Amino acid sequence: MMVTNDYITVNGSGSGGFGKTEEDYIKRHHKHDVHDHQCSSSLVKHIKAPVHLVWSLVRRFDQPQKYKPFVSRCIVQGDLQIGSVREVNVKSGLPATTSTERLELLDDEEHIFGMRIVGGDHRLKNYSSIVTVHPEVIDGRPGTLVIESFVVDVPDGNTKDETCYFVEALIKCNLKSLADVSEHLAVQDRTEPIDRI
């Protein structure tokens with residue numbers, strides 16, 4: 001387990017560092033079938049913005065660049081629905097230029113988003129992730145708990161720890177950017193404190 005600022009990261013199946021709420025959400029929504037040659041982890045981020053704003057960014061399979069800083073372009077093939085495929089161009093500086101990804105789950109009621117990488121010029125083989133978005137109260141205002149979990153093959157020449165560390169670093173950047181964009185939108189939205197609603 002690793003705790004840094006407002007991130008909590010747990011590798012593998014244990015959930016030692018999470019609070020009861022996070023543990024319950026992870027057990028309910030973040031189930032991955034992890035094999036010996038794979039690593040898995042869950043990350044938690046608290047965002048000072050209401051769920052509807054955060055979800056409006058997370059659910060945009062066709063526009064991940066709205067909050068993912070490493071994405072320069074995205075093209076979706078066909079209508080946006082479960083099974084849709086997107087071609088993502090990755091900004092320079094990462095060991096990849098493209099990623100082909102399939103939308104696996106999009107639940108607007110429960111706020112659950114799932115995707116799987118199905119191709120590209122990178123080493124993230126059999127990568128799949130689940131993002132869930134949950135309402136919470138932060139400093140008396142509507143906030144959001146975001147949980148992102150993943151499973152991925154460990155590439156030849158790397159350890160499970162190295163692989164998890166790399167993927168977790170990317171996810172942390174994405175979650176920080178999601179928080180920054182969402183919180184900026186929330187300031188523009190002027191959400192009232194909970195006790196006034």
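On a predicted model such as this, the values are computed, not experimentally measured, just so you know.
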Taken to the nearest 0.5 Å, the spacing of I112 CD1 from H29 NE2 works out to 4.5 Å

In short, ring pair (Phe, Tyr, Trp, His ring centres under 6.0 Å) pairs touching residues 68-111 with sequence neighbours left out are W55-H111

CG (L103) and CD1 (I82) are apart, to the nearest 0.5 Å, by 4.5 Å

Per side chain to side chain donor-acceptor pair (under 3.5 Å), H32 is matched among S149, S40, S41 by S149

So CG of L178 and NZ of K172: to nearest 0.5 Å the spacing works out to 15.5 Å

| said: Would the distance check show the side chain of S99 and the main-chain N or O of G120 forming a donor-acceptor pair, the cut-off being under 3.5 Å? | reply: no

Given the options N174, V181, L175, S177 meets side-chain contact (heavy atoms from CB on, under 4.5 Å) only with V181

Report task. Mark yes or no for whether S84, through its side chain, and D79, through its backbone, hold a donor-acceptor pair below 3.5 Å. Result -> yes

Inset, instruction - Check whether more than 12 heavy atoms from other residues, nucleotides or ligands sit under 6.0 Å from atom NE2 of H37, and answer yes or no. - result: yes

_Regarding N158 and T163, do their side chains bring together a donor and an acceptor under 3.5 Å, going by distance alone?_
no

So, does K160 use its side chain to make a donor-acceptor pair with the main chain of V154 at under 3.5 Å?
-> no

Separation between NZ (K125) and NE2 (H122), nearest 0.5 Å, reads 5.5 Å

Do the non-hydrogen side-chain atoms of L185 and L57 ever get within less than 4.5 Å of each other?
-> yes

Test your reading of the model: is there a side-chain donor-acceptor pair from R60 to the backbone of Q65, 3.5 Å cut-off? no

When rounded to the nearest 0.5 Å, the distance separating CG of L80 from CG of D62 is 5.0 Å

ask   = Hey, is the main chain of F61 close enough, under 3.5 Å, to the side chain of R86 for a donor-acceptor pair?
value = yes

CD of E101 to OG of S128, rounded to nearest 0.5 Å, is 11.5 Å

Across all chains, not counting sequence neighbours, the side chain to side chain contact (heavy atoms under 4.5 Å, CB included) partners of K48 are I138, D139, E183

Is there a continuous path of hydrophobic side-chain contacts, each under 4.5 Å between heavy atoms, that joins V151 to I26?
no

